[in-house]
Amino acid sequence: MKRLELHHWILIAMALGAGIGLPLNFAGESGAIDPAVVSTVADVGKGAGDLFLRLLQMLVVPLIVSSLITGVTGMGDLKKLGRLGGRTVGFYLMTSFIAIVTGVVMVNLFDPGKGADLGLLEAGAGAAPEIAGGSQHVGQILWAQLEGMIPKNPLKAAADGDMLPLIFFSIVLGVFISAVEHQKKPEESEGPYREGADEEIAEERSGAALLRRFFAGLFAVMMRMTLAVIRLAPIGVFGFMLYAAAGRGFEAFQVLGMYALTVFVALCIHAFVTLPLILRFLGSKSPVAHAKAMMPALLTAFSTASSNGTLPLTIQCVERSGVPNEVTSFVLPLGATINMDGTALYEAVAVLFIAQVYGMDLSLGQQAIVALTALMASVGAAGIPHAGTVMMVVVLSAVGLPTTAVGLILAVDRILDMCRTTVNVFSDSCAAVVVARYADTTAEPATE
Ligand code: ASP
């Protein structure tokens with residue numbers, strides 16, 4: 001018999017979790033089983049899933065730091081880094097923007113919030129996440145994002161899992177390791193010759209080289225740890241599916257069905273039409289072959305709802321799809337934090353839906369503000385479950401909607417989070433393929 005691969009096991013685990021969880025949920029609702037038993041089973045599932053997610057999260061900070069520093073120092077030349085960085089960020093913003101436009105078009109077509117019963121929604125609403133500050137305008141939001149990127153203390157950023165400032169510091173550190181390692185010895189002609197200067201510089205260079213090799217070693221070890229942890233993915237995935245199915249069932253969809261469907265259809269268009277077209281024409285890669293290589297990462301993203309947690313697997317899978325490590329080690333950690341097409345799309349749809357529920361007719365200009373702030377919110381959102389939901393208050397306040405309105409959509413948020421996180425990870429992987437195609441790396445990306 002053919003040996004099953006990891007993604008087959010993950011799929012089986014998902015089916016099992018849903019297959020056990022949904023009937024349990026029905027039985028609990030109909031009174032055939034004590035609902036307390038069902039919720040205990042759901043909690044046990046969540047417990048198992050959380051353990052797996054914690055193991056993955058344990059890898060993330062050292063992985064991001066070592067991967068980015070290795071990526072930057074491996075490039076050697078700063079011009080090359082600038083080109084790669086520019087292309088990567090440009091590509092990220094472009095795909096997120098296309099995703100938002102898809103969402104905005106869909107929400108205007110489906111009108112999921114028109115005529116929705118606000119009272120019914122409020123009855124089922126959870127508590128909205130707390131946020132500081134009242135309504136802000138776009139400039140303030142942009143400024144806050146910029147400020148937040150620079151860590152006052154990089155070690156604290158690492159300890160708090162603050163990815164954007166950590167990424168910023170890691171890139172800068174990588175750049176300066178390279179600068180010290182490749183500094184020139186003083187030319188005899190330049191100024192007076194100073195005794196011992198050559199030795200000093202040789203010493204500094206070898207220290208910087210040691211740091212480069214240290215981070216490269218750390219990166220290799222982290223990747224090996226990842227391989228070990230992901231063997232447990234089927235258990236974690238089973239637990240999360242059991243939790244989602246037994247704990248929530250389909251109940252949430254009865255009220256928010258049309259809204260959830262709008263987000264889902266828009267995400268599907270982005271994942272099954274836009275990104276494959278980009279892969280084919282810009283990346284010159286077969287979308288089917290690429291999606292197949294990405295399967296373990298996509299399924300893990302779906303069940304954990306965390307692109308940061310999935311990052312170790314994303315790197316493995318994208319390399320399996322033929323993208324050289326030189327590119328993945330820079331593009332993917334950055335992408336897991338700033339490139340969230342699914343989240344950007346979801347933010348825009350959710351806020352426009354809420355506006356419709358409140359009977360507000362947003363003008364084209366206001367919809368443009370929603371699009372722009374949704375883009376910023378997706379850049380600022382951390383790659384963890386529900387981060388997008390918390391960031392949504394930024395978008396709501398930009399168009400003067402009450403920030404507590406987030407509570408209205410919480411009931412279906414977990415399942416939508418699972419879907420949007422999958423799109424986030426897939427979009428990162430597509431970016432890596434396209435960037436690798438145009439990057440002047442030493443290794444040739446394999447074509448299918
Ligand atoms: N959970 C998403 C992610 O990790 C972020 C979000 O909440 O939209 O990519």
Side-chain angles (χ1 to χ4, degrees), residues 60-96 145-146 148-151 154 157-158 162-184 201 204-220 222-223 282-283 307-308 311-312 314-315 318-319 321-340 379 383 427-445:
V60 169
V61 167
L63 187 68
I64 285 195
V65 173
S66 61
S67 160
L68 280 173
I69 294 178
T70 305
V72 171
T73 52
M75 226 138 352
D77 156 20
L78 285 187
K79 268 200 223 118
K80 213 162 139 183
L81 173 70
R83 272 199 302 271
L84 186 71
R87 277 184 196 143
T88 307
V89 174
F91 186 85
Y92 282 161
L93 293 180
M94 176 189 85
T95 57
S96 295
Q145 295 256 14
L146 189 71
M149 238 173 67
I150 304 171
D162 256 342
M163 294 310 163
L164 217 48
L166 193 63
I167 287 176
F168 179 76
F169 179 74
S170 303
I171 294 177
V172 174
L173 185 61
V175 166
F176 281 90
I177 290 177
S178 277
V180 173
E181 190 182 355
H182 298 116
Q183 67 183 315
K184 296 214 166 56
I201 286 176
E204 284 175 8
R205 276 187 187 172
S206 83
L210 193 68
L211 272 179
R212 174 176 51 75
R213 294 209 333 259
F214 166 79
F215 284 112
L218 181 62
F219 181 52
M222 294 317 299
M223 291 302 282
L282 287 181
S307 19
N308 263 324
L311 177 65
T314 314
I315 298 180
V318 173
E319 288 182 8
S321 182
V323 178
N325 175 267
E326 241 179 304
V327 172
T328 57
S329 62
F330 178 78
V331 171
L332 294 175
L334 197 64
T337 301
I338 69 165
N339 181 44
M340 298 197 178
V379 171
S427 148
D428 293 343
S429 76
C430 296
V433 170
V434 173
V435 169
R437 181 163 178 228
Y438 296 99
D440 27 4
T441 54
T442 40
E444 277 294 310

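The structure presented is a predicted model; accordingly, all values stated were derived computationally and were not measured.
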Nearest 0.5 Å, what's the [atom1]-[atom2] distance between [X] and [Y]?
X	Y	atom1	atom2	answer
N325	F219	CG	CZ	5.0 Å
E326	L84	CD	CG	9.0 Å
F169	I69	CZ	CD1	7.5 Å
F330	T70	CZ	OG1	12.5 Å
L81	I171	CG	CD1	7.0 Å
T73	H182	OG1	NE2	9.0 Å

Hey, are the side chains of [X] and [Y] touching, using non-hydrogen atoms and a 4.5 Å cut-off?
X	Y	result
S307	M340	yes
R437	L282	no
P165	M149	no
V327	V318	no

At their closest point, which heavy atom of [X] faces which heavy atom of [Y], and how far apart are they?
X	Y	result
A436	V323	CB-CG1, 3.7 Å
T95	S427	OG1-OG, 4.0 Å
M222	P62	CE-CG, 3.7 Å
Y438	R87	O-NH1, 2.9 Å
G174	V72	C-CG1, 3.5 Å

Exercise for the section: Determine yes or no for a side-chain-to-main-chain donor-acceptor pair under 3.5 angstrom, with T337 supplying the side chain and L334 the backbone. Expected result: no

Practice task
Could you tell me whether the side chain of S67 and the main chain of S329 form a donor-acceptor pair under 3.5 Å?
Solution key: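 Looks like yes, one N/O pair under 3.5 Å.
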
Practice task
Please identify each residue that fulfils side chain to side chain contact (heavy atoms under 4.5 Å, CB included) with Q183, with sequence neighbours left out.
Solution key: V180, I201, E204, R205

Completion exercise
With sequence neighbours left out, the residues meeting side chain to side chain contact (heavy atoms under 4.5 Å, CB included) with A209 are E181, R212

What donor-acceptor contacts under 3.5 angstrom involve side-chain atoms of residues 428-435, with partners at least two apart or in another chain?
unit_1 : atom_1 : unit_2 : atom_2 : d
D428   : OD1    : N339   : ND2    : 2.8
D428   : OD2    : A336   : N      : 3.4
S429   : OG     : H290   : NE2    : 2.9
S429   : OG     : F426   : O      : 2.6

Handout entry: Check against side-chain contact (heavy atoms from CB on, under 4.5 Å), F215 and I177
Key = CA-CA 11 Å; F215 284 112; I177 290 177; 4.2 Å; yes

